Amino acid sequence: MTPLPRSFYSRPTVTVARELLGSILCRRVDGLTLRGRIVETEAYVGEGDLACHARAGRTPRTAPLYGPPGIAYVYLTYGMHHLLNAVTEEEGMPAAVLLRALEPMEGIEWMEGARGVRTVHHLTSGPGKLAQAFGLDLQWNRADLTGPDLWIEPGSRVPDREVKTSPRIGCQSVPEPWATIRWRFYVASSRHVTPGRASPKLLVTNPRRIGNNRADKRRSRNTPGR
DNA sequence: CAGACGATTGCCT
DNA sequence: GGCAATCGTCTGT
């Protein structure tokens, strides 16, 4: 099929994150094509976004974020998981869309071999899982997403009523408003979106009780800055 | 050059 | 729900 053109990525990152839902991530490998429908994404937008790696400016690791739109930004996290991003906006503007979940379509056996699992709903339901299922590692950093080895092609458009948003997963420790801005996009009806992790104890406090008990009131008196 | 830290996952109780 | 795994990258000495 025809890959999405570079101009697709050369737009506001939040728009690209929304529009990538329903598109198909593809890789040509071992004489076959892997395909998965994108059902979950997150936008990371520039040095001012304190959840974005570019918050520290241009470093050897973040350099691809400053590169041309339509290339891959792949990095290793927790020493073992690779995460795949599509670089967006014009060259020089560090921003990207993190691919968080796919629905496997083609090459499922190959993905199962790469993942070491056979349960299809655990194959690509997470950013680390989908990179592993597609055999992507640091060697794919800066790879051209307009093909011919790795590319994203148009799928069927996901209607607005199917698209939901939430804060980005794993960004709860960054300063506001970046922790709660709803820059995660996912297909509501998909069973392949990530379940997400339970929030840390202090953040799951019943909202009706925040600031409504003695301990909280004493705390706020003693530490007015918080 | 030592030390801290993840845009996560899977296994444990 | 808790927590360990594991290493590239960044920071500060």
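All values reported here derive from a predicted model rather than from experimental measurement. By convention in this document, chain letters (A, B, ...) are assigned in the order of the sequence lines, proteins followed by strands, and residues within each chain are numbered from 1.
Between the OH atom of A:Y73 and the P atom of B:dA7 there is a distance of 9 Å, given to the nearest Å. Note: CD (A:E42) to P (B:dG6) measures 16 Å, nearest angstrom. Distance, A:L99 CG to B:dA7 C1': 12 Å, rounded to whole Å. A:R58 has its CZ atom 16 Å from the P atom of C:dT9, to the nearest Å. Taking atom CG of residue A:L65 and atom C1' of nucleotide C:dT9, one finds them 14 Å apart after rounding to whole Å. Rounded to a whole Å, the NZ atom of A:K129 is 11 Å from the P atom of B:dC11. Atom CG in A:L138 sits about 7 Å away from atom P in C:dT9, given to the nearest Å. Here the P atom of nucleotide C:dC7 and the CG atom of A:D137 are 14 Å apart, to the nearest Å.
Taking both residues in full, the closest heavy atoms of A:K129 and A:T124 are given as CB-CA, 4.2 Å, listed atom of the first, atom of the second, then distance. Annotation for A:G135 and A:W110: closest pair N-CZ3, 4.0 Å, computed over non-hydrogen atoms.
No option in A:T41, A:V87, A:V45, A:D49 other than A:V45 meets the side chain to side chain contact (heavy atoms under 4.5 Å, CB included) test with A:T13.
Salt bridge A:E42/A:R168: absent, no basic N to carboxylate O contact under 4.0 Å.
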Salt bridge (charged side-chain N to carboxylate O under 4.0 Å, His left out) assessment of A:R11 paired with A:E89: CA-CA 5 Å; A:R11 294 185 292 164; A:E89 315 230 9; over 6 Å; no
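Atom name C1', nucleotides B:dA7 and C:dG1: the rounded distance is 22 Å, in whole Å.
In this model, the phosphate group of B:dG10 is approached by a side-chain N or O of A:R115 to a distance below 4.0 Å at OP1 or OP2.
Remark on DNA chain B: of its neighbouring residues A:S173 and A:Q132, the 5'-side contact belongs to A:S173, judged by nearest-heavy-atom nucleotide.
Here A:R184 lies out of heavy-atom contact (under 4.0 Å) with every strand. The residue A:R61 sits close only to the backbone: its heavy atoms come under 4.0 Å of sugar-phosphate atoms, none of a base.
Of the nucleotides present, C:dT11 is the one that pairs with B:dA2 by Watson-Crick or G-U wobble criteria, both distances under 3.5 Å. Nucleotide B:dA7 forms no Watson-Crick or G-U wobble pair with any nucleotide shown, as no partner meets the under 3.5 Å limit on both distances.
Relative orientation of the A:W183 and A:W178 rings is tilted, given thresholds of 30° and 60° on the angle between their planes.
At a threshold of 4.5 Å between non-hydrogen side-chain atoms, the residues A:W140 and A:L84 do not count as touching.
Of the residues in residues 76-87 of chain A, those lying under 4.0 Å from DNA chain C by heavy-atom distance are A:L76, A:Y78, A:G79, A:M80.
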